[in-house]
Amino acid sequence: MKQSKMFIPTLREVPNDADSKSHQLLLKAGMIKQVASGVYSYLPIAKRVLNKIEAIVREEMEAIDGVEILMPALQPSELWSESGRWQSYGAELMRMTDRHGREFALGPTHEEIITSLVRDELKSYKKLPVTLFQIQNKFRDEKRPRFGLLRGREFIMKDAYSFHATEESLDETYQDMYDAYSRIFSRVNLNFRPVIADSGAIGGSHTHEFMALAEIGEDTICYTDESDYAANIEKAEVKYVPNVAHTEEKALEKVHTPGVKTAQQLADLLGKRLDEIVKSMIVKVDDQFIMFLIRGHHELNDVKVKSYFGTETVEMATDEEIQAILGATPGSLGPVGVEKIEIYADNSVQDLNNLSVGANETDYHYVNANLGRDFNVKAFDDFRFILEGEMAADGSGPIKFAEGIEVGQVFKLGTKYSESMNATFLNDQGRAEPMIMGCYGIGVSRTLSAVIEQHHDDKGIIWPTSITPFEIHIITANAKQDTQRELADQLYDAYKRDFEVLYDDRNERAGVKFNDADLIGVPVRIVVGKQAADEIVEVKNRRTGESFEVPVSELEEKIKAIYASFE
Ligand SMILES: O=C(C[C@@H]1CCCCN1)Cn1cnc2cc(Cl)c(F)cc2c1=O
Ligand SMILES: [Mg+2]
Ligand SMILES: [Mg+2]
């Protein structure tokens, strides 16, 4: 492709609203243009890379008997009412009304559509299992779109859905998908980890997220070097090992603590360690207020609370709600004398006695509060985030943290949608049963960004050869110089048959062309410059930065040698 005919609006300056490295480079390399917040056009270089990522996804889906379809973005609200999600989703679900006043969702995902499609067709166990997938734009009205394509409001997803007569059959497809995802993310050259994850609103039991390691990642991964254990921190289980350090029970004592709002301030005032303080948090679970007791140096894990109570509607109580229930502000809450609401506690609260807690009176706390005598706990469980260095749930070794970008997720859905939408099949005894489902997503446009996050230097993107927009970048140092231009034209004509060639034939200064080439990041660059008359060109390896002066007669061999070095 001749660059004079292409559309690659590179930028010299970093756009100030670009808030991640990949976002900056996508803009500087002229790969995307923002249309609205979280909404982008993909320009030619990006489109070529997306085509290659999608081709790899298709290959790996079809290799495990996935069959491609394409569903509409416009989803009638009636189907979302059948599943109950029209009511349960809020502002994130983009909705519209057509000219007849009928309501639609702009599809954020396609469980309702696919289940309604399949329930009319797959009526017998003999026709199961089936795995269908699509690659299509999704719409989610994110409150804070950011990091370019990493968190957009319209994005490209591969979403697959599988339908089964038995759990075993689902387990098989789940494993096939898990392995196919590992192949896909390896092939696009991502450094990734599959992690145990929380299934959240979608329901279902078992799910893994595929995390691309990157500092910008919004997810925290917990992993150990001693095993392949890895979990999203939302889910990372804290194996409770009692470390009881009880002392002789002392009399409850009320202490005036003016201005104390935080556990640290209380610890400082009492001359105690932060971990000797117990924080009391009021959480609204469904529409019931619950008090959670957490050690001072721990944090409440809202995802574990949701999972424990089996609901997504979990919010911290507001100051007003707290005032109404306990008559105090959040800085002075405690379990002593609390009868109106249930009290749950994290396991590690059991390790201490003579606790320092709020007195439910602003500016007053208790010391020496003791379980049983002064307050009761309905249940102890794992309600906190694990700390770096604590033992992993599999006992293999200390947990380490890393940031990750969630580029894929596989779910065992079960019968949540087939029951609510009556998608049944006749089993081998002729009895109707709800189909067992799995669903599997890959963020295709997010994967593009994740690859850039992991493959760039200070000059620009360095494409892995598997998804590079072009294989060779031919540049004339001075397009006005006939000898250079003629040799470059000749090389372009010779190579464009066997290679994907980008030919910078523009009448731009050499420096501009080299800067653009560094930004666009094609793995191998050929510069036709002053030595064109001697049929010598410069070959540059974008990844290593090495340059070689090569006679044209040895050029193809050199290019292939550089490509071989990438394997
Ligand atoms: O999408 C999934 C599960 C899987 C992911 C892989 C492909 C198939 N779906 C979870 N999820 C996430 N955000 C959503 C946002 C909105 Cl606004 C919504 F209405 C529904 C969902 C929603 O269901
Ligand atoms: Mg997540
Ligand atoms: Mg997820």
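Remember, it's 1-based here, ligands and their atoms both numbered in the order they're listed. Quick caveat, the model's predicted, so the values are computed rather than measured.
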For the Mg ion (ligand 3), the nearest N/O/S atom on Glu209 is atom OE2
From the list His208, His164, Glu167, side-chain hydrogen bond (donor to acceptor under 3.5 Å, both in side chains) with Tyr174 holds only for His208
Open item on the list: With a sphere of 6.0 Å drawn around NZ of Lys378, does it hold more than 12 non-hydrogen atoms of other residues, nucleotides or ligands?
Closed with: no
N or O contacts of ligand 1 with protein under 3.5 Å, please list pair by pair.
{"residue": "ligand 1", "atom": "1 (O)", "partner": "Thr109", "partner atom": "OG1", "Å": "3.4"}
{"residue": "ligand 1", "atom": "1 (O)", "partner": "Arg140", "partner atom": "NH2", "Å": "3.0"}
{"residue": "ligand 1", "atom": "9 (N)", "partner": "Thr109", "partner atom": "OG1", "Å": "2.8"}
{"residue": "ligand 1", "atom": "9 (N)", "partner": "Glu111", "partner atom": "OE2", "Å": "2.7"}
{"residue": "ligand 1", "atom": "13 (N)", "partner": "Arg140", "partner atom": "NH1", "Å": "3.3"}
{"residue": "ligand 1", "atom": "23 (O)", "partner": "Arg85", "partner atom": "NH1", "Å": "2.7"}

Would one find more than 12 heavy atoms of other residues, nucleotides or ligands at under 6.0 Å from atom CG of Asp98? yes
| task | Could you give me the CA-CA distance, side-chain angles and deciding distance for Lys284 and Glu321, then say whether salt bridge (Lys or Arg N to Asp or Glu O under 4.0 Å) is met? | result | CA-CA 10 Å; Lys284 204 162 133 187; Glu321 288 166 334; 3.4 Å; yes
Indicate, with yes or no, if the rings of Tyr229 and Tyr223 have centres closer together than 6.0 Å. no
Taking the six-membered ring of Trp80 as reference, does the NZ or CZ atom of Arg95 fall below 6.0 Å from its centre and within a 45° cone about the axis? no
At the Mg ion (ligand 3), OE1 of Gln409 and OE2 of Glu406 open up to roughly (10° bins) 70°
Regarding Arg48 and the six-membered ring of Phe470, is the cationic atom NZ or CZ under 6.0 Å from the ring centre and inside 45° of its axis?
-> yes
